Amino acid sequence: AKDKGRNLLHVFDPEQNEHRQQRRAQLIELSRALENKEFELHFQPQVRIADCKVIGFEALIRWNHPHKGLLYPDAFLPSLEASHLEVPLGQWVLEEAVFQMGLWHDAGEDLSVSINISARHMMDWSFTSYLENYLQCHPAIKPEQITLEVLESTSLEDIKRASDVLARCQELGFRVALDDFGTGFSSLSYLNTLPIDLVKVDKSFVINMLNDSNDRAIVESVIFMGQRFSHPILAEGVETFDHARALSDLGCEYMQGYGVGRPMPAGNVLEWTQQWRK
Ligand code: C2E
Ligand code: CA
Ligand code: CA
Ligand code: CA
C-alpha cells in the first residue's frame, strides 16, 4: 500500500509533469531540426595501437542548434529515446555517414566508419531490408567498411531476435561492435550470444585506469573476457600515451580517444588522415 501511495504521488508530481512537457517541446523542436537539416556528424579516428594505422572513424551526432550552438548527444538523445523520431534520426545518421564516405571515396580514400545504432532502431522490422536496399543504391561503399556499434547497456530485450538481426547484418557484410562493454547488466551473456566482430571497452573505466586500481581491474577483465571469446578489443577514452602503453601491455589491439584525435567535422577527415600518416 505504501508503494502504491508513492506511485500516485509520482503521477501528480508537478516537477515530473514539467519534465514531460519539456521533453514534448524538445521533440517538436527535434522534428523541425530533422526537417531543416540541423544535425551533423563528427568523426573520431580509431587506430591500431601496434603501428598507429587508422582503421576507421566513429560517426558521432551533433545538433547545430540555430540559437544554442553545437549541442552534444547527451543534450538531446534522451528526449528522442522511444519516440517516433528515433528510427528516422537513425536512418538519417546512416545516410549521412554513407554520403560522407562517398565523398571520401571520390577523393580517393576508402575509409571505414562505425555507426551507433540504437537498440530500438536495430529491432525495427525494416532495419535489415533498409540496409540492404540502401547499399544497393551506393555501390561505391562496401558493407565491410561499415561497423554497426550496438550499445550493450540498452537492454536488448529479445536477445534471440537481436542476435538474428545482427547475424543478418553480418551476412550482408557489415561488421558488428559491442559498445560500452562492461557497463551493462548482462555483459557476459551478450558476449556469449550475440554475433560480434569487435568489443569496445567503455571509456569510463579506461580514463581512470592509470590511477584507480578498481578501474584497471575492470579493464583487465574486459580485455581478458573479450580475448577468451576471440574478439578483438578497442579501448575508448585513450587520452594519453601512458593509456595506450598500458592497454597495449594488456593485449588490447585498437584505441580511440582524445589522445589520438578528437571528433572532427566531416570536412577535416581527409586532411587529418593525410597528416596522421606523415
Ligand atoms: P559512445 O558511443 O560511447 O561514443 C564515445 C563518446 O566518448 C563520444 O561522446 C566521444 O566524443 C567521447 N570521447 C571520445 N574520446 C574521448 C576521450 O578520450 N575522453 C573523453 N572524456 N571522452 C571521449 P559524444 O560524441 O558526446 O557521444 C555520446 C554518446 O551519444 C555516444 O557514446 C553514443 O552512445 C551516443 N551517440 C552519438 N552519436 C550517436 C548516433 O548517431 N546515434 C546514436 N544512436 N547514438 C549516438
Ligand atoms: Ca559508440
Ligand atoms: Ca562507447
Ligand atoms: Ca558511451
Side-chain angles (χ1 to χ4, degrees), residues 30 33-34 38-47 49 55-64 69-83 85-101 112-124 127 146-154 156 175-184 187 190 196-210 215 218-219 222 226 233-244 246-247 252 254-266:
L30 280 164
L34 194 56
E38 287 170 14
F39 294 104
E40 54 183 270
L41 293 181
H42 282 198
F43 293 86
Q44 185 179 33
Q46 303 176 319
V47 306
I49 300 179
I55 58 155
F57 290 82
E58 178 174 7
L60 296 160
I61 195 166
R62 305 287 180 254
W63 179 6
N64 209 337
L70 202 65
L71 298 182
Y72 288 75
D74 288 352
F76 60 90
L77 281 189
S79 296
L80 219 108
E81 242 161 64
S83 80
L85 288 176
E86 193 169 340
V87 173
L89 191 81
Q91 287 179 346
W92 177 86
V93 170
L94 274 164
E95 282 165 27
E96 177 66 12
V98 171
F99 172 74
Q100 297 297 343
M101 292 170 81
S112 295
V113 170
S114 282
I115 300 172
N116 292 286
I117 307 289
S118 76
R120 175 181 256 245
H121 184 198
M122 183 188 113
M123 297 298 245
D124 187 71
F127 182 64
I146 298 181
T147 298
L148 307 169
E149 292 197 2
V150 183
L151 263 188
E152 192 240 346
S153 48
T154 39
L156 296 169
R175 294 161 45 79
V176 175
L178 191 56
D179 206 354
D180 290 4
F181 187 76
T183 59
S187 309
Y190 283 157
I196 42 187
D197 301 294
L198 181 76
V199 172
K200 295 189 76 173
V201 185
D202 192 59
K203 62 172 186 289
S204 60
F205 309 121
V206 175
I207 286 170
N208 296 320
M209 69 180 281
L210 299 176
D215 280 345
I218 294 175
V219 172
V222 167
I233 318 283
L234 181 148
E236 316 177 317
V238 175
E239 297 188 341
T240 65
F241 181 75
D242 288 342
H243 283 109
L247 287 160
C252 175
Y254 304 104
M255 62 178 174
Q256 172 180 355
Y258 295 166
V260 177
R262 291 194 174 243
M264 62 190 92

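Counting starts at 1 for both ligands and their atoms, in listed order. Heavy-atom basis, side chains included; hydrogens, waters and symmetry copies ignored. The structure displayed is predicted, hence computed values, not measured ones. Positions are given from 1, in the same order as the sequence printed here.
For the atom pair Asn116 CG and Ile61 CD1, the distance stands at 9.5 Å (nearest 0.5 Å).
Counting heavy atoms from C-beta on, the side chains of Glu58 and Gln46 come closer than 4.5 Å. Looking at Val206 and His243, their side chains come closer than 4.5 Å, going by heavy atoms from C-beta outward. Side-chain contact between Val219 and Val222 is absent, with no heavy atoms from C-beta onward closer than 4.5 Å. At least one side-chain heavy atom of Tyr72 sits under 4.5 Å from a side-chain heavy atom of Arg62. Counting only heavy atoms from C-beta outward, the side chains of Glu149 and Ile115 never approach each other to under 4.5 Å. Side-chain contact between Phe43 and Val113 is present, with heavy atoms from C-beta onward closer than 4.5 Å.
For Asn116, the nearest N, O or S atom to the Ca ion (ligand 2) falls under 3.0 Å. In summary, an N, O or S atom of Glu236 is located under 3.0 Å from the Ca ion (ligand 3). Note on Asp180: counted as a metal contact of the Ca ion (ligand 3), an N/O/S atom lying under 3.0 Å.
Considering Thr147, Leu60, Ile146 in turn, Thr147 is the only one that fulfils the side-chain contact (heavy atoms from CB on, under 4.5 Å) rule with Ser114.
Ligand 1 has a nitrogen or oxygen under 3.5 angstrom from a nitrogen or oxygen of Asp179. Remark: ligand 1 and Asp202 share no N or O pair separated by less than 3.5 Å (distance only, no angle test). Note: no N/O pair closer than 3.5 Å links Ile117 and ligand 1 by distance alone.
Here the angle centred on the Ca ion (ligand 2), running from OE2 of Glu58 over to OD2 of Asp179, is 170°, rounded to 10°.
When the options Thr183, Leu89, Asn116, Leu41 are ranked by their closest heavy atom to atom 33 (C) of ligand 1, first place goes to Asn116. The option from His42, Glu58, Glu239 that lies nearest to atom 1 (P) of ligand 1, judged by heavy atoms, is Glu58. Of the candidates Gln256, Gln44, Lys203, it is Gln44 that places a heavy atom closest to atom 15 (N) of ligand 1.
For ligand 1, the atoms closer than 4.0 angstrom to any heavy atom of Pro263 are 11 (O). Short contacts between ligand 1 and Gly237, defined as distances under 4.0 Å to a heavy atom of the residue, involve ligand atoms 17 (C), 18 (O). Counting the atoms of ligand 1 from 1 in the order shown, those under 4.0 Å from a heavy atom of Val93 are 41 (O). For ligand 1, the atoms closer than 4.0 angstrom to any heavy atom of Gly257 are 15 (N), 18 (O). Each of the following atoms of ligand 1 lies closer than 4.0 Å to a heavy atom of Leu77: 30 (O), 35 (C), 36 (N), 45 (N), 46 (C). The distance from ligand 1 to the heavy atoms of Arg62 drops below 4.0 Å at these ligand atoms: 11 (O), 24 (P), 25 (O).
Contacts between Ile61 and ligand 1, counted as non-hydrogen atom pairs separated by less than 4.0 Å, involve both the backbone and the side chain. Residue contacts with ligand 1, taken as heavy atom pairs separated by less than 4.0 Å, do not involve Ile115 at all. By the criterion of a heavy-atom distance under 4.0 Å, the side chain of Glu236, and not its backbone, is placed next to ligand 1. Using a 4.0 Å cut-off between heavy atoms, Asp180 contacts ligand 1 through its side chain alone, with no backbone atom that close.
Asp242 and Thr240 are not linked by any side-chain donor-acceptor pair at a separation below 3.5 angstrom, with hydrogens and angles left out of the test.
Of all N/O/S atoms in Glu149, OE1 sits nearest the Ca ion (ligand 2).
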**Check against side chain to side chain contact (heavy atoms under 4.5 Å, CB included), Glu40 and Glu96** = CA-CA 8 Å; Glu40 54 183 270; Glu96 177 66 12; 5.9 Å; no

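Checked by atom type and distance alone, the side chain of Glu236 pairs as donor or acceptor with a backbone atom of Lys203 at under 3.5 Å.
Judged by the shortest distance from any of its heavy atoms, Arg262 lies outside the 4.0 Å radius around the atoms of ligand 1.
Ile49 and Cys252 make their closest contact through CD1-O, 3.4 Å (heavy atoms, listed as atom of the first residue, atom of the second, distance).
The aromatic rings of Phe39 and Trp63 are tilted relative to each other, their planes meeting at an angle between 30° and 60°.
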